[in-house]
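Just so you know, these numbers use all the heavy atoms, side chains as well, and skip hydrogens, waters and symmetry mates. In each ligand, atom 1 is the first atom listed, and ligand 1 is the first ligand listed. Computed from a prediction, not measured in an experiment: that's the story for all the values here. Nothing fancy with the numbering, it's 1 onward along the sequence.
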Amino acid sequence: MVSSDKYEAVIGLEVHAQLATNSKLFCGDRIQFGAEPNTHISPITMAYPGTLPKTNAKAIEYAVKMGIACGCEIVQTNYFARKNYFYPDLPKGYQISQHTTPICKGGQVKIKLADKERYIQLNRIHLEEDAGKSIHDIDDEYTCIDLNRAGTPLIEIVTEPDLFSADEAWQYVSEIRKMVRWLNICDGNMEEGSLRCDANVSIRLKGETKLGTKVEVKNLNSIRNIKKAIEFEIDRMIGIVENGGTIQQQTRSFDASNDTTFAMRDKEEANDYRYFPDPDLPAFVLSNQYLEGIQKNMPLLPEQLYKQFQIEYGLNNYDAAQLTEDKATADFFQLVVVYTKNYKQIANWMLGPLKQILNEQSKNFSNLDLAPKLFAELIQLVEDGKVNFSIAAAKILPLLFASKASPLQIAEQLQIIQVSDTNELAIWVDEVIAAMPDKVAEYQKGKKGLIGLFVGEVKKKSKGKADPKMVTQLIEAKLNK
Ligand code: ADP
Ligand code: MG
């Protein structure tokens, strides 16, 4: 294979995110993935003559939220435009989009790579409607059309040609998915098509500043496929150039069965979209007051919470990153800190035993039936030495879901409260020391590792209920005299 050290890849991504509004962008039809085909198709969706579109305010709000989160300039006077082309799943014969006035301009998205962080520059975020779906694989003879999706609001998030590897693209799309979920404006489910990506790829010699001819790989529907498609394209292009060929500007498609791409059409055949402002839709103007209102109601963003968790709660990078991976997790953490100040322990419990139970039950923090107060009490119970950590995790935590009983009550019921009464423990400690004079002598000569043996013996005598921390202290106090 040719050395890729000679070349640099340049990538620009166009991500389409379906907005999680109840109804469509220009009419009241419901949006429902997986609904019976062609059941949410009013005359407006069907583009019957005489119907008029009306803009869904929620969709505008969601687009603005994404723009604010990405540090974009929000454009205050906006127009919708008609992008004319014929396709069977496009009932009007044009798509309503934004042409010269994207609702958000510029902005950036921070990505974290193994060795560095980068800000990926955005070109724009604009609003548009989705088309219907052509289904080619349920009938031998015909293509079937489901128009339920037609008119679903999308935002298209377009980067500058500012990504330089498949890994960067992977991280970027992960960040976009995290952000739209965090803002609750899109469910981010790529397998359902809620988030789709077109990847524009070119190569150039290292050091060259002019962009090379690009190829656009359409409709990538998983982060893995985005990465694989880009990797394949980079290799393919380098191969062409190394063999003295020139790269054709093309639209290509990805074949997930063998991780390759194939040509769909050359640029020569590209559509002339004959854009013009949609005469049925008045300009929409976003007042300062409206924008301030949205700004005021923005949640803290993952990056802000990531920093706050480190500064305010002393968490390390890893814990802070894990706890801000999604909003429900971060929210739960913030509910628990109200009840206990053992911040590090909250992180350990959430990312350890609690996450394990959630994984086993295919649940997550957003549908967690666990009272933060009871969870905090459990953590405190262990911190106070009343119950041993592994027993608490294995026996009490699973019973705490939807529980009315407190962790202490459960522990009492299960008879797993640790004995931390010094007098009671001292009796066992004395018995163990008296029974093992040889070991005691060895210990006192310097074989300090024997402490584990003594503690183990005391635990046995207590049937596992002795608080090991206290037992250790007691034994050390006795033997180190
Ligand atoms: P088009 O008009 O073909 O849709 P645009 O200029 O609108 O192209 O860009 C679409 C996307 O392609 C953007 O994300 C942009 O950053 C990216 N892009 C443009 N030129 C290149 C290039 N030469 N190499 C890689 N990406 C590019
Ligand atoms: Mg494009």
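Listed by atom number, the atoms of ligand 1 under 4.0 Å from Glu160 heavy atoms are 16 (O). Short contacts between ligand 1 and Val158, defined as distances under 4.0 Å to a heavy atom of the residue, involve ligand atoms 13 (C), 14 (O). Interface atoms of ligand 1 facing Pro161, defined by a heavy-atom separation under 4.0 Å, are 16 (O), 26 (N), 27 (C).
Residue pairs meeting the ring pair (Phe, Tyr, Trp, His ring centres under 6.0 Å) criterion with at least one partner in residues 112-164, sequence neighbours excluded, do not occur; the list is empty.
Note: an N/O pair closer than 3.5 Å links Gly212 and ligand 1 by distance alone. Residue Gln249 has no N or O atom closer than 3.5 Å to an N or O atom of ligand 1. Where the criterion is an N or O separation shorter than 3.5 Å, residue side chain and backbone included, Ser202 meets it with respect to ligand 1. The shortest N or O to N or O distance between Asn200 and ligand 1 is below 3.5 Å.
Taking 4.5 Å as the limit, some side-chain heavy atom of Glu192 sits within range of a side-chain heavy atom of Asp187.
Ligand 1 has Val10 within reach: a non-hydrogen atom of the residue lies less than 4.0 Å from it.
Between Thr159, Thr251, Leu211, it is Thr159 that holds the heavy atom closest to atom 13 (C) of ligand 1.
Under the salt bridge (charged side-chain N to carboxylate O under 4.0 Å, His left out) rule, Glu129 has a single partner from Arg149, Lys24, Lys92, which is Lys92.
The six-membered or imidazole ring of Phe375 lies away from that of Tyr339, with a centre-to-centre distance of 6.0 Å or more. Two rings, from Phe333 and Tyr313, have their centers less than 6.0 Å apart. Between Tyr343 and Phe309, a ring centre-to-centre spacing not shorter than 6.0 Å is recorded.
In Leu13, the part holding a heavy atom less than 4.0 Å from any atom of ligand 1 is the backbone.
A tilted orientation is assigned to the rings of Phe284 and Phe80, their planes being inclined by 30° to 60°.
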